[in-house]
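Residue numbers start from 1 in every chain, and the chains themselves are labelled A, B, ... in the order their sequence lines are given, proteins ahead of strands.
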Protein chains: 2
Amino acid sequence: MPVYRPLSSLAPVVPQAPLEDVSARIRAQGARATPARIAVLRMLQTASRALSHADVEHALADSGFDRVTLYRVLDWLVEAGLAHRVADSDRVFRFSLAASRSPEHARHAHFRCDDCGRVFCLEDVRVSTPVLPAGFTSKEVQVSVSGACAECNARPS
Amino acid sequence: MPVYRPLSSLAPVVPQAPLEDVSARIRAQGARATPARIAVLRMLQTASRALSHADVEHALADSGFDRVTLYRVLDWLVEAGLAHRVADSDRVFRFSLAASRSPEHARHAHFRCDDCGRVFCLEDVRVSTPVLPAGFTSKEVQVSVSGACAECNARPS
DNA sequence: TTGCATCTGCAACTGGATTGCGGGTAACGG
DNA sequence: CCGTTACCCGCAATCCAGTTGCAGATGCAA
């Protein structure tokens with residue numbers, strides 16, 4: 001079981017979707033546009049990689065949201081279909097924004113760096129559903145690639 | 001977060017590889033052929049699906065192996081290249097026998113039933129490595145399909 | 001048979017995630 | 001603009017798969 005280097009801090013979130021749009025999107029799900037939901041959703045929108053609860057908690061530490069609140073917001077996002085959740089190989093859930101209009105059968109691909117532990121979303125990946133045994137029906141196909149990211153490959157160590 | 005029906009008990013393990021073969025395979029890795037390793041390896045050899053630690057613990061309850069011993073045996077199997085470990089979407093590790101002579105880049109596919117929570121190994125799946133960003137290198141590609149298994153599709157409920 | 005490196009059992013611990021509940025607040029109707 | 005209320009949040013306790021430290025047992029090679 002490898003021990004990962006600490007995650008590099010997230011880049012400061014500079015350009016964000018207008019607050020009204022985010023709030024409206026939340027209300028469109030029949031839910032309240034609370035500060036926690038708005039903050040987490042905006043963060044996911046600008047993230048270039050799948051974020052763990054710890055990532056979110058750390059990045060929003062100044063906002064004073066409770067740990068549990070963030071768990072619930074992330075759960076809600078998944079339930080509302082706004083985000084995907086994948087259990088990473090380190091037994092940690094990671095969250096990434098769902099495609100705005102995802103097809104019925106969601107396809108998703110992630111890359112995990114064995115060295116730094118970061119998880120990147122792979123866009124543009126065509127995944128074909130494998131042939132299943134008789135009677136089996138598929139709902140979702142997830143592809144996860146592990147290896148070394150560019151940054152870690154470049155690092156001398 | 002779905003709640004899964006209890007796992008149906010594993011079918012009684014009837015036909016097994018000869019004990020000598022299993023022991024020899026363990027010693028071939030430069031390790032001791034202990035009762036726990038033999039029992040777990042035989043169990044994986046006859047399993048038609050990926051097993052969790054709980055599955056193994058339950059099935060071998062009569063043998064009196066310690067919980068921790070089973071964890072360590074499973075870890076050792078993975079380290080020795082005799083088994084694969086995947087973190088399931090319920091944050092539980094599942095183990096399946098590795099192909100006898102796996103290529104350098106291991107490819108593996110699993111099917112997870114959203115209803116009963118069981119995980120099946122999909123053989124005969126050709127997985128192509130997705131195109132990665134510049135500088136990224138891949139080591140392993142995992143494909144996991146979720147949906148409903150034949151048994152749960154057949155069940156009226 | 002013996003030496004000893006390796007393996008096991010026990011108990012305590014870790015950390016991500018979940019739950020229960022009392023108090024707070026967003027959003028609707030007026 | 002204000003009251004009502006269903007939904008949401010903070011807090012603290014809890015859960016549970018997995019891990020660690022250590023003393024004692026054991027496979028196995030000499």
In whole angstroms, the gap separating C1' of dC8(D) from CD of Gln29(A) amounts to 17 Å
Taking the side chain as C-beta and beyond, is there a heavy-atom pair between His84(B) and Val78(B) under 4.5 Å? no
Whether Arg118(B) side chain and Arg112(B) backbone form a donor-acceptor pair below 3.5 Å: no
Find the distance Arg72(B):CZ to dT20(D):C1' and express it as a whole number of Å. 8 Å
Can you find a pair of side-chain heavy atoms, one from Glu140(A) and one from Gln142(A), that are under 4.5 Å apart? yes
Val68(B) near the nucleic acid: base, sugar-phosphate alone, or nothing, with a heavy-atom cut-off under 4.0 Å? base
Does a side-chain N or O of Tyr71(A) approach OP1 or OP2 of dT18(C) to a distance below 4.0 Å, or not? no
Listing time: all N or O pairs from protein to nucleotides 26-30 of chain C that are below 3.5 Å?
unit_1  : atom_1 : unit_2   : atom_2 : d
dA27(C) : OP1    : Arg27(A) : NE     : 2.9
dA27(C) : OP1    : Ala33(A) : N      : 2.8

What is the distance, rounded to the nearest whole Å, between atom CD1 of Ile26(B) and atom C1' of dG27(D)? 12 Å
Under 3.5 Å: donor-acceptor pair, side chain of His53(A), backbone of Arg67(A): yes
Is the side chain of Asn153(A) donor-acceptor paired with the backbone N or O of Gly135(B) at a distance under 3.5 Å, no angle test? yes
Would you mind reading off the bend of the helix from dT1(C)-dA30(D) to dG30(C)-dC1(D) from its two end axes, five pairs each, to 10 degrees? 40°
Is it the case that the side chain of His110(B) and the backbone of Asp88(B) share a donor-acceptor pair, with hydrogens and angles ignored and the cut-off at 3.5 Å? no
Tell me whether Arg85(B) forms a cation-pi arrangement with Phe93(B), defined as NZ or CZ under 6.0 Å from the six-membered ring centre and within 45 degrees of its axis. yes
Write down the distance between CG (Asp88(B)) and C1' (dG16(C)), rounded to a whole number of angstrom. 16 Å
Heavy-atom nearest nucleotide on DNA chain C taken for Arg91(A) and for Gly30(B); more 5' hit belongs to Gly30(B)
Does the side chain of Arg67(B) get closer than 4.0 angstrom to OP1 or OP2 of dG9(C) through an N or O atom? no
Selection from dT18(C), dG18(D), dG9(C) that lies nearest to any side-chain heavy atom of Asp75(A): dT18(C)
First encountered from the 5' end of DNA chain D, between Val92(B) and Asp66(A): Asp66(A)
d(CG, Asp55(A); P, dG15(C)) in whole Å: 16 Å
Can a donor-acceptor pair under 3.5 Å be found between the side-chain atoms of Arg37(B) and the base atoms of dG27(D)? no
Between P on dG18(D) and CZ on Phe93(A), what's the gap in Å once rounded to a whole number? 12 Å
Between Asp75(B) (side chain only) and Arg72(B) (backbone N and O only), is there a donor and an acceptor less than 3.5 Å apart? no
Phe65(B) CZ to dC10(C) P, in whole Å, measures 13 Å
Regarding Ala54(B), tell me which of base, sugar-phosphate or nothing describes its non-hydrogen contacts under 4.0 Å with the strands shown. nothing
So Phe65(A) and Glu57(A), do their side chains get closer than 4.5 Å, heavy atoms only? no
